[in-house]
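Here's the structure, in structure tokens; my notes come after.
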There are 2 protein chains.
Amino acid sequence: MDTTAALAALGALAQDHRLAVFRLLVQKGPEGLPAGAIADATAMPASSLSFHLAHLQRAGLIVQRRVGRSLVYSADFAAMSAVVGYLTENCCASATCVPAACVPAACAPASPIQTRRKSA
Amino acid sequence: MDTTAALAALGALAQDHRLAVFRLLVQKGPEGLPAGAIADATAMPASSLSFHLAHLQRAGLIVQRRVGRSLVYSADFAAMSAVVGYLTENCCASATCVPAACVPAACAPASPIQTRRKSA
DNA sequence: ACTACATTTCGATCATTCTGGAAATATCGA
DNA sequence: TCGATATTTCCAGAATGATCGAAATGTAGT
């Protein structure tokens with residue numbers, strides 16, 4: 001993950017509503033949640049939610065798929081892992097920090113369905 | 001680290017100049033760098049830099065100390081570690097994610113001087 | 001084709017953040 | 001105390017971001 005992508009991801013998460021939405025989607029795992037259900041859970045108006053979902057998606061943190069007439073969103077765990085990787089790689093002066101084993105693909109969902117995006 | 005603090009940290013890092021400054025300070029380790037040197041390295045006007053340094057400091061990511069007539073800034077590795085901890089704890093549905101050994105105090109500087117702040 | 005439903009896009013408004021010059025503050029050495 | 005250096009605070013303007021109702025789009029069932 002390059003700095004531009006990291007910046008986009010950090011910017012997307014640095015907002016209370018978006019962080020709440022993302023955490024909710026992470027909880028729900030690869031199955032995700034339709035926009036309506038997210039709106040209910042977070043008690044925000046549809047248009048505002050849509051704005052934030054688009055922001056998270058632009059940043060590559062969530063993924064959208066259509067199911068019937070609903071748009072179902074789910075967290076992109078590989079992208080999140082890349083963000084954590086970027087931060088760990090850039091938060092320490094040298095290699096003395098995190099055991100290397102922790103960095104690659106650190107964020108995997110409980111079940112193995114995986115959204116299969118470019119692993120950054 | 002609670003969500004409010006994480007939000008502040010993410011917000012502080014989600015800006016190109018601030019991310020650059022923070023990465024520079026992380027590289028420099030606990031010794032840090034005076035504001036003037038940071039201004040030189042990043043080629044930004046003093047007042048703008050001061051604004052961003054204050055932002056990073058409010059978020060708890062960097063620490064300031066006076067050395068002569070310089071104000072020396074250094075990364076707070078414990079705080080950064082807390083941010084990574086928050087993200088890893090909140091990026092996975094269950095405990096299947098990062099081996100627990102990686103989370104606590106993950107971000108330590110090469111030398112053991114440690115800025116000694118509340119560990120978030 | 002029509003109606004209902006789920007969600008997005010548009011547009012206007014309000015709030016926040018970024019920027020950088022000029023003035024103020026703090027420290028040091030003589 | 002004075003002048004030089006280092007940095008911050010103040011200020012105003014420009015840019016970006018957030019909010020949410022209303023209208024538009026897309027999908028499904030009949």
Side-chain angles (χ1 to χ4, degrees), chain A residues 3-25 28 31-76, chain B residues 3-25 28 31-76:
Chain A
T3 296
T4 306
L7 221 29
L10 290 170
L13 292 177
Q15 209 278 344
D16 49 1
H17 286 149
R18 284 195 295 269
L19 186 58
V21 166
F22 183 74
R23 301 213 323 162
L24 177 62
L25 290 179
K28 293 299 171 181
E31 260 190 37
L33 222 50
I38 303 174
D40 285 353
T42 59
M44 52 191 314
S47 67
S48 298
L49 175 62
S50 188
F51 168 80
H52 290 300
L53 286 172
H55 202 317
L56 284 166
Q57 198 178 10
R58 261 199 317 277
L61 289 171
I62 64 175
V63 133
Q64 177 196 67
R65 69 183 194 279
R66 185 173 279 278
V67 174
R69 55 186 115 173
S70 294
L71 287 174
V72 173
Y73 289 91
S74 53
D76 186 326
Chain B
T3 297
T4 306
L7 222 30
L10 291 169
L13 293 176
Q15 209 278 345
D16 50 1
H17 287 149
R18 284 196 296 270
L19 186 57
V21 166
F22 185 73
R23 300 211 324 162
L24 177 62
L25 290 179
K28 293 299 172 181
E31 260 189 38
L33 224 50
I38 302 174
D40 285 353
T42 60
M44 52 192 314
S47 68
S48 297
L49 175 63
S50 188
F51 168 81
H52 290 300
L53 287 172
H55 201 318
L56 284 165
Q57 199 177 11
R58 262 199 318 277
L61 288 170
I62 64 175
V63 134
Q64 177 197 66
R65 70 183 193 278
R66 185 173 280 279
V67 174
R69 56 188 114 175
S70 294
L71 287 174
V72 173
Y73 290 90
S74 54
D76 185 328

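Lettering of chains follows the sequences in order, A, B, ..., and the numbering in each one begins at 1.
Comparing A:Gly68 and A:Phe51, the nucleotide of DNA chain D nearest to each residue sits closer to the 5' end for A:Phe51. Between B:Tyr73 and A:Arg69, the residue anchored closer to the 5' end of DNA chain D is B:Tyr73, taking for each the nucleotide with the nearest heavy atom.
When heavy atoms are screened at a 4.0 angstrom cut-off, B:Ser50 is found touching base atoms of the nucleic acid. B:Ala35 comes within 4.0 angstrom of sugar-phosphate atoms only, judged by non-hydrogen atoms across all strands, and of no base. Counting non-hydrogen atoms under 4.0 angstrom, B:Ser48 reaches a base of the nucleic acid.
Distances shown here put every side-chain N or O of A:Ser70 at or beyond 4.0 Å from the OP1 or OP2 atom of C:dC5. Neither OP1 nor OP2 of D:dG26 sits under 4.0 Å from any side-chain N or O of A:Arg66. For the OP1/OP2 pair of D:dG17 and a distance below 4.0 Å, the side-chain nitrogens and oxygens of A:His52 include no atom meeting the criterion.
At whole-Å resolution of the value, CD1 in A:Ile38 and P in C:dA6 are 14 Å apart. Separating the CG atom of A:Asp16 from the P atom of D:dG17 is a distance of 16 Å, rounded to the nearest angstrom. One interatomic measurement links the two molecules: CG of B:Leu56 to P of D:dT8, which rounds to 12 Å at whole-angstrom precision. Across the protein-nucleic acid pair, A:Leu53 atom CG and C:dT7 atom C1' stand 10 Å apart, rounded to whole Å. Note: NE2 (A:His55) to P (C:dT9) measures 14 Å, nearest angstrom. The CG-P distance, from A:Leu19 to D:dG17, rounds to 18 Å in whole Å. A straight line from CG of B:Asp40 to C1' of D:dA6 spans 12 Å, rounded to a whole angstrom. Rounded to whole Å, atom P of C:dT25 lies 17 Å from atom CD of B:Gln64.
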Practice task
Given side-chain contact (heavy atoms from CB on, under 4.5 Å), test B:Ser74 with B:Leu25 step by step and report yes or no.
Solution key: CA-CA 6 Å; B:Ser74 54; B:Leu25 290 179; 5.7 Å; no
Practice task
Determine, stepwise, if the pair A:Leu61 / A:Arg18 fulfils side-chain contact (heavy atoms from CB on, under 4.5 Å).
Solution key: CA-CA 11 Å; A:Leu61 289 171; A:Arg18 284 195 295 269; over 6 Å; no
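The only option from B:Gln64, B:Lys28, B:Arg65 that meets the side-chain contact (heavy atoms from CB on, under 4.5 Å) definition with B:Val72 turns out to be B:Arg65.
Of the candidates C:dT8, D:dT8, D:dT19, the closest approach to any side-chain atom of A:Leu71 belongs to C:dT8. Closest to the side chain of B:Gln15, from the set C:dT19, D:dA22, C:dG21, is C:dT19. For A:Pro45, taking side-chain heavy atoms from C-beta onward, the closest of the listed nucleotides C:dC18, D:dG21, D:dT8 is D:dG21.
In terms of heavy-atom proximity, B:Leu7 sits nearest to A:Leu13 at CD1-O, 3.6 Å. When all heavy atoms of A:Ile62 and A:Phe22 are compared, the closest pair comes out as CG2-CD1, 3.9 Å.
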